Each structure stands twice: as C-alpha cells, then as structure tokens.
Asker: 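I am attaching a structure below and will ask some questions about it afterwards.
Whatever order the structure lists ligands and atoms in, that order sets their numbers, starting from 1. As the structure is a computational prediction, the values presented were derived from the model and not from experiment. No hydrogens, no waters, no symmetry mates; every other heavy atom, side chains included, goes into these values.
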Amino acid sequence: MATRTITARVLCLLWAASLAVGCMSPVEDEQIAELGPEVDGLEEGEHHRYGQPCLLCHGGYKAPLFAAGGTVFATPDADIPVQSVVVTLTDATGDTISVPTNCAGNFFIDDAQWQPVFPLRAEIECTLPDGSKRRSVMQTRINRDGGCASCHEKGGPTQTSPGQVYCADAQPEPAFAVAPNCPGGPNGTGN
Ligand code: HEC
Ligand code: HEC
C-alpha cells in the first residue's frame, strides 16, 4: 500500500516535470488555482498560505511532500492564527508525533519525517493568553490525508465543513491576538 503510493507519487512527479504541468486531475489543478497566488513578498515556506489545504499541494502535487499540515485559529470564526499550539497525531499503529504551530498558526510534518498508517487521531493543546492550557480531541479519525483544511475550511462551520481548527469556543480574557511581526498570517507582509 505504502509502496504503491510512493510509486504513484514518483511517476506523477516525473510526468509533471516532463510536461511542466500539475500531477493531479484537472479538478485539483482548478482547486489550486482557486486558492490564488502567494502573498506579495512572502516566500513559499512555513508561514505561507495559512488556513489553506496544505496537502492539496504538498500531498504529491509539489515537493516537499507532507504527511500532515494545517493551521490552528483562536476561535471557530476569528481570523487569528495561534502559535505554539501542540498538534499531536497518532497513527493506526500507535505511533505518535507532536509538532508546534508557528506564528502563522501553521504546522507541518514532512513525509520524510513520518510515514503514518491511516487512520489518524488528532489532538491539539493550546496555551491560552493567560497561560492556561486547553486540549481538544477530534472524535472521528482522519482516513485519507493529513491536511486539516481538506475538511476544516477556513472560517466558521458550514454544511460541508466543520470549520477551521480552533483553540477556544469564544475569545478568552485576556484575548488571543494576531502575532506581531509574523511573515505570514492576516497581517503578514513577508518580512
Ligand atoms: C497552492 C499550493 C500550496 C499550498 C496550498 C501550500 N503550499 Fe507550501 N509550498 C508550495 C510551494 C510551491 C512551495 C515551494 C516548494 C519548493 O520550493 O520546492 C512550498 C513550500 C513550503 C515550505 C518550504 C518547504 C521547503 O523545504 O522548502 C513549507 C514549510 C510549506 N510550504 C508549508 C506549507 C503549509 C504549512 C501549508 C498549509 C498551511 C502550505 N505550505 C500550503 C505550495 C503550497
Ligand atoms: C476527513 C475530514 C477531517 C480532516 C482531514 C481533519 N478533521 Fe478534524 N474534524 C473533522 C470533523 C468532521 C470534526 C467534528 C467531529 C469530530 O470531532 O470528529 C473534527 C473535529 C476536530 C477537532 C475537535 C474540535 C472541537 O470540537 O473542539 C479538532 C481539534 C480537530 N478536528 C483537529 C484536526 C487537525 C489538527 C487536523 C489535521 C491534522 C484535522 N482535524 C483533520 C474532520 C476532519
């Protein structure tokens, strides 16, 4: 199974390189186009495209490939990414990995670092502005890709999405704020 996936990816990358086109179906090409261009001045790196479905591109379409990636926000609908959230994923064999979010609320796990066996259990632990911790656990399991925003679309819940991954049901006191001087996120300028 794992070997087959890797082979498919390698073939896909070779094919894409030779034709200078995307690997995936026209549907995925279109979904990627809909995400729009990079923010001016922000390099393609860990702070870019917060809230977007990382694995749409990092799942085989473009190197580097990620096992998982996503963004954590303050509340169900605030455009406030949260840093230093510990995202813990556990695969079907019980293998666990924990990674922190950066100032754009983003985290990612390179697939050279971790090759999970699906399904995955997801849990986050946020540090609230007052220093207290809040943990929340996804009740169901992730069956196909570790890109959180493949399901958790940015913004509040809708009929087709549980909404963005968040730390608290409402702003705590003191409130979460957008990290100052972050290259990415809502105030990101790339610097
Ligand atoms: C629209 C496609 C797209 C989306 C969505 C996307 N990325 Fe990227 N990302 C890229 C491209 C293209 C590069 C540059 C790859 C290169 O330089 O080889 C890149 C580079 C990166 C790098 C640098 C990797 C390296 O080793 O140089 C990181 C880290 C990264 N992205 C994280 C993320 C995270 C986290 C998300 C989701 C919040 C995300 N990306 C969403 C296309 C995307
Ligand atoms: C296949 C779709 C899907 C993917 C992919 C997915 N989730 Fe979820 N997630 C859901 C759904 C649906 C819920 C609400 C029901 C539940 O808890 O299972 C949820 C709930 C959650 C919750 C609990 C929210 C609460 O009620 O407090 C957390 C935390 C969470 N997800 C984190 C993540 C993280 C982190 C990722 C990426 C590593 C991720 N999810 C990927 C579908 C998904």
Asker: Is there a side-chain contact between Phe66 and Asp111 in this structure, where contact means two heavy atoms from C-beta onward sitting under 4.5 Å apart?
Answerer: no

Asker: For Thr75 and Asp169, indicate whether the former's side chain and the latter's backbone hold a donor-acceptor pair under 3.5 Å.
Answerer: no

Asker: Which atoms of ligand 1 are found less than 4.0 Å from any heavy atom of Gln52?
Answerer: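 Selected atoms, number and element: 5 (C), 37 (C), 38 (C).
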
Asker: To check you understand the geometry: which heavy-atom pair defines the closest contact between Leu89 and Trp114, and what is its length?
Answerer: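 It is CB-CH2, 3.8 Å.
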
Asker: Is it true that Asn143 lies under 4.0 Å from ligand 2, counting heavy atoms only?
Answerer: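 Judged by the 4.0 Å heavy-atom criterion, Asn143 does not count as contacting ligand 2.
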
Asker: Under 4.0 Å from any heavy atom of Phe108, which atoms of ligand 1 are there?
Answerer: 29 (C)

Asker: Using only heavy-atom distances, determine whether the side chains of Thr93 and Asp95 contain a donor-acceptor pair under 3.5 Å.
Answerer: no

Asker: With a 4.0 Å cut-off on N to O distance, would you call Lys154 and Asp79 a salt bridge?
Answerer: yes

Asker: With a cutoff of 4.0 Å, is Leu35 in contact with ligand 1, counting heavy atoms of the residue only?
Answerer: yes

Asker: A side-chain contact here means heavy atoms from C-beta on lying under 4.5 Å apart; do Leu35 and Leu56 qualify?
Answerer: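 Contact flag for Leu35/Leu56 side chains = yes.
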
Asker: For His58 and ligand 1, does the shortest N/O to N/O distance drop below 3.5 Å?
Answerer: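 For ligand 1, there is an N or O atom that lies under 3.5 Å from one belonging to His58.
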
Asker: Name the option, out of Glu46, Lys154, Glu34, His47, that contains the heavy atom nearest to atom 29 (C) of ligand 1.
Answerer: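 Ranked by closest heavy atom to atom 29 (C) of ligand 1, first place is Glu46.
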
Asker: Under 3.5 Å, is there a donor-acceptor pair between the side chain of Thr101 and the main chain of Ser84?
Answerer: yes

Asker: Using a 4.0 Å heavy-atom threshold (strictly under), name the region of Ser136 that reaches ligand 2: side chain, backbone, both or neither.
Answerer: both

Asker: Hey, does Gly146 sit under 4.0 Å from ligand 2 if you only count heavy atoms?
Answerer: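 True for this residue.
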
Asker: Any atoms of ligand 2 less than 4.0 Å from a non-hydrogen atom of Asp145? List them with their elements.
Answerer: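 Answer, ordered by atom number: 5 (C).
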
Asker: Find out whether Leu65 and His58 are in side-chain contact, i.e. whether some heavy atom of one side chain is under 4.5 Å from a heavy atom of the other.
Answerer: no

Asker: Is Glu123 reaching over with its side chain to a backbone N or O of Val137, donor-acceptor style, under 3.5 angstrom?
Answerer: no

Asker: Quick check on Pro53 - does any of its heavy atoms sit under 4.0 Å from an atom of ligand 1?
Answerer: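 Distance cut 4.0 Å: Pro53 passes for ligand 1.
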
Asker: Give yes if a backbone or side-chain nitrogen or oxygen of Thr71 is under 3.5 Å from a nitrogen or oxygen of ligand 1, and no if not.
Answerer: no

Asker: State the atoms of ligand 2, each with its element, that fall below the 4.0 Å cut-off from a heavy-atom position in Leu89.
Answerer: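 Counting from 1, the qualifying ligand atoms are 38 (C).
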
Asker: Counting distance only, does the side-chain N/O of Asn187 pair as donor-acceptor with the main-chain N or O of Val178 below 3.5 Å?
Answerer: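 Flag not set: sc Asn187 to bb Val178 has no pair under 3.5 Å.
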
Asker: Using a 4.0 Å cutoff against the non-hydrogen atoms of Cys57, which atoms of ligand 1 qualify?
Answerer: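 In order of numbering, the contacting atoms are 1 (C), 2 (C), 3 (C), 4 (C), 5 (C), 42 (C), 43 (C).
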
Asker: Which is closest to atom 24 (C) of ligand 1 by heavy-atom distance: Pro64, Gly105, Ala104, Gly147?
Answerer: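 Selected option, by shortest heavy-atom distance: Pro64.
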
Asker: Any atoms of ligand 1 less than 4.0 Å from a non-hydrogen atom of Phe107? List them with their elements.
Answerer: 35 (C)

Asker: Is the shortest side-chain N to carboxylate O distance from Glu38 to Arg49 below 4.0 Å?
Answerer: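 The answer is yes: the pair qualifies as a salt bridge.
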
Asker: Ligand 2 versus Leu120, non-hydrogen atoms closer than 4.0 Å: side chain, backbone, both, neither?
Answerer: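 No part of Leu120 is near ligand 2 at this cut-off.
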
Asker: Under 2.8 Å from atom 8 (Fe) of ligand 2, which protein N, O or S atoms do you find? Ignore water molecules.
Answerer: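 Listed by chain and number: Met138 SD, His152 NE2.
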
Asker: Counting distance only, does the side-chain N/O of Gln83 pair as donor-acceptor with the main-chain N or O of Pro81 below 3.5 Å?
Answerer: no

Asker: Do me a favour and list the nearest non-hydrogen protein atom to atom 23 (C) of ligand 2 with residue, atom name and distance?
Answerer: Val137 O, 3.7 Å

Asker: Could you check atom 25 (C) of ligand 2 against the protein and tell me its nearest heavy-atom contact, residue, atom and distance included?
Answerer: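 Atom 25 (C) of ligand 2 sits closest to the protein heavy atom Tyr166 OH, 3.7 Å.
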
Asker: Between Ser161 (side chain only) and Cys151 (backbone N and O only), is there a donor and an acceptor less than 3.5 Å apart?
Answerer: yes

Asker: Taking atom 40 (N) of ligand 1 as the point of reference, which of His48, Arg49, Glu44 owns the nearest heavy atom?
Answerer: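 Nearest heavy atom to atom 40 (N) of ligand 1 lies in His48.
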
Asker: Looking at every heavy atom in both Leu55 and Gly69, which two are closest together, and how far apart are they?
Answerer: CD2-N, 3.7 Å

Asker: Tell me which one of Arg121, Gln139, Glu123 gets a heavy atom nearest to atom 17 (O) of ligand 2.
Answerer: Gln139

Asker: At a non-hydrogen distance cut-off of under 4.0 Å, which region of Phe66 contacts ligand 1 (side chain, backbone, both, or neither)?
Answerer: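 Answer for Phe66: side chain.
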
Asker: Check whether any side-chain heavy atom of Cys167 lies under 4.5 Å from a side-chain heavy atom of Val72, and answer yes or no.
Answerer: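 In contact.
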
Asker: Run the side-chain hydrogen bond (donor to acceptor under 3.5 Å, both in side chains) test on Asn102 and Glu46 for me, step by step, so that the C-alpha distance in whole Å, both residues' side-chain angles and the decisive distance to 0.1 Å come before the verdict.
Answerer: CA-CA 8 Å; Asn102 61 28; Glu46 61 167 316; 2.9 Å; yes

